[in-house]
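Step one of this worksheet: look at the structure below.
Just so you know, ligand 1 is whichever comes first in the structure, and atom 1 is the first atom listed for that ligand. Numbering starts at 1 and runs along the sequence shown.
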Amino acid sequence: MGFELPELEYAYDALEPHIDAETMELHHSKHHAGYTAKLNAAIEGTEMEGKGIEELMLEDFDNAAVRNNGGGFWNHSLFWATMSPDGGGEPGGSLRNAIEDSFGTFESMKEEMTNAAMTRFGSGWAWLCVSNGELSICSTPNQDNPIMTGEGVPVLGIDVWEHAYYKSYGPGRAGYIQAWWNIVDWNAVADNYESAL
Ligand code: MN
């Protein structure tokens with residue numbers, strides 16, 4: 001059995017023009033599938049088999065294959081589930097209140113997360129997390145995430161590896177990050193926020 005690659009809830013071309021179909025297909029069917037297969041290979045036949053993904057990431061952080069591929073599996077699962085062709089706009093309800101409590105305004109949160117994504121050197125992720133009941137922004141290298149580092153539980157994350165944007169945007173991230181805000185599914189983020197409290 002092991003971990004299974006989650007199916008997308010939209011077509012590979014559904015996030016265009018913000019993310020192109022070829023990038024989506026390679027990213028899901030090659031990159032994410034690769035992390036999933038390598039994670040399963042790393043745990044098969046060991047005492048790690050049967051553990052949940054979050055338990056694996058915390059307890060087996062020093063195992064490079066589990067850390068990198070387990071992170072890759074978990075991070076991309078969150079990434080797909082928090083984007084939608086019907087995304088964009090602004091959150092409401094308790095998520096909006098929490099954003100305003102922590103950052104002052106929704107725009108300030110966007111600026112802080114955009115800055116975290118822009119300044120992450122090399123490959124990695126920027127995150128909006130719940131930590132001790134409050135929202136915060138951080139970034140991590142490679143396929144690490146704030147669950148591993150104890151910084152919080154991510155409710156939203158942006159992949160800033162070049163494979164996420166290079167075909168459409170080239171070496172600069174700014175256009176990709178700006179476009180990505182148009183496809184963030186705030187309903188999904190709100191569900192993640194409620195679960196993380
Ligand atoms: Mn990726």
Side-chain angles (χ1 to χ4, degrees), residues 2-43 53-54 56-57 61 63-85 87-88 113-129 137-149 151-185 188-189 192:
F3 294 98
E4 289 185 28
L5 179 68
E7 287 188 23
L8 300 188
E9 296 188 6
Y10 39 80
Y12 286 133
D13 64 359
L15 302 181
E16 290 189 341
H18 310 294
I19 303 179
D20 68 88
E22 185 182 351
T23 295
M24 285 297 298
E25 181 166 6
L26 288 169
H27 204 169
H28 179 255
S29 72
K30 301 297 181 191
H31 291 277
H32 197 187
Y35 297 125
T36 306
K38 288 175 187 168
L39 172 64
N40 287 331
I43 64 176
I53 184 62
E54 295 182 10
L56 277 173
M57 291 192 300
F61 182 73
N63 180 319
V66 171
R67 178 178 175 176
N68 293 329
N69 295 300
F73 173 78
W74 193 95
N75 297 346
H76 290 87
S77 299
L78 179 80
F79 189 53
W80 312 134
T82 49
M83 296 190 290
S84 166
M113 189 164 174
T114 296
N115 188 49
M118 285 295 294
T119 56
R120 163 51 52 193
F121 180 75
S123 297
W125 294 74
W127 307 99
L128 175 65
C129 290
I137 301 287
C138 68
S139 81
T140 52
N142 305 315
Q143 295 297 352
D144 287 358
N145 65 47
I147 295 174
M148 297 176 182
T149 60
E151 288 171 280
V153 177
V155 298
L156 177 66
I158 179 169
D159 186 344
V160 296
W161 284 57
E162 284 188 345
H163 66 226
Y165 61 84
Y166 201 90
K167 181 178 179 290
S168 286
Y169 296 96
R173 285 178 196 166
Y176 159 66
I177 296 165
Q178 286 307 314
W180 173 79
W181 288 111
N182 295 314
I183 46 175
V184 172
D185 182 348
V189 179
N192 292 341

Where the side chain of Asn145 meets the backbone of Gly71, is there a donor-acceptor pair that is under 3.5 Å apart? no
Just checking Tyr165 against Trp180, ring centres under 6.0 Å apart? no
Quick one: sort the Trp161 and Tyr35 rings into parallel, tilted or perpendicular, breaks at 30° and 60°. perpendicular
Report the residue from His27, Glu25, His28 that forms a side-chain hydrogen bond (donor to acceptor under 3.5 Å, both in side chains) with Tyr12. His28
Would you call the rings of His32 and Trp80 parallel, tilted or perpendicular if under 30° counts as parallel and over 60° as perpendicular? tilted
Separation between CD of Gln178 and CE of Met118, rounded to the nearest 0.5 Å: 9.0 Å
Residue-atom pairs from the protein, N, O or S only, that lie under 2.8 Å from the Mn ion (ligand 1): His27 NE2, His76 NE2, Asp159 OD2, His163 NE2
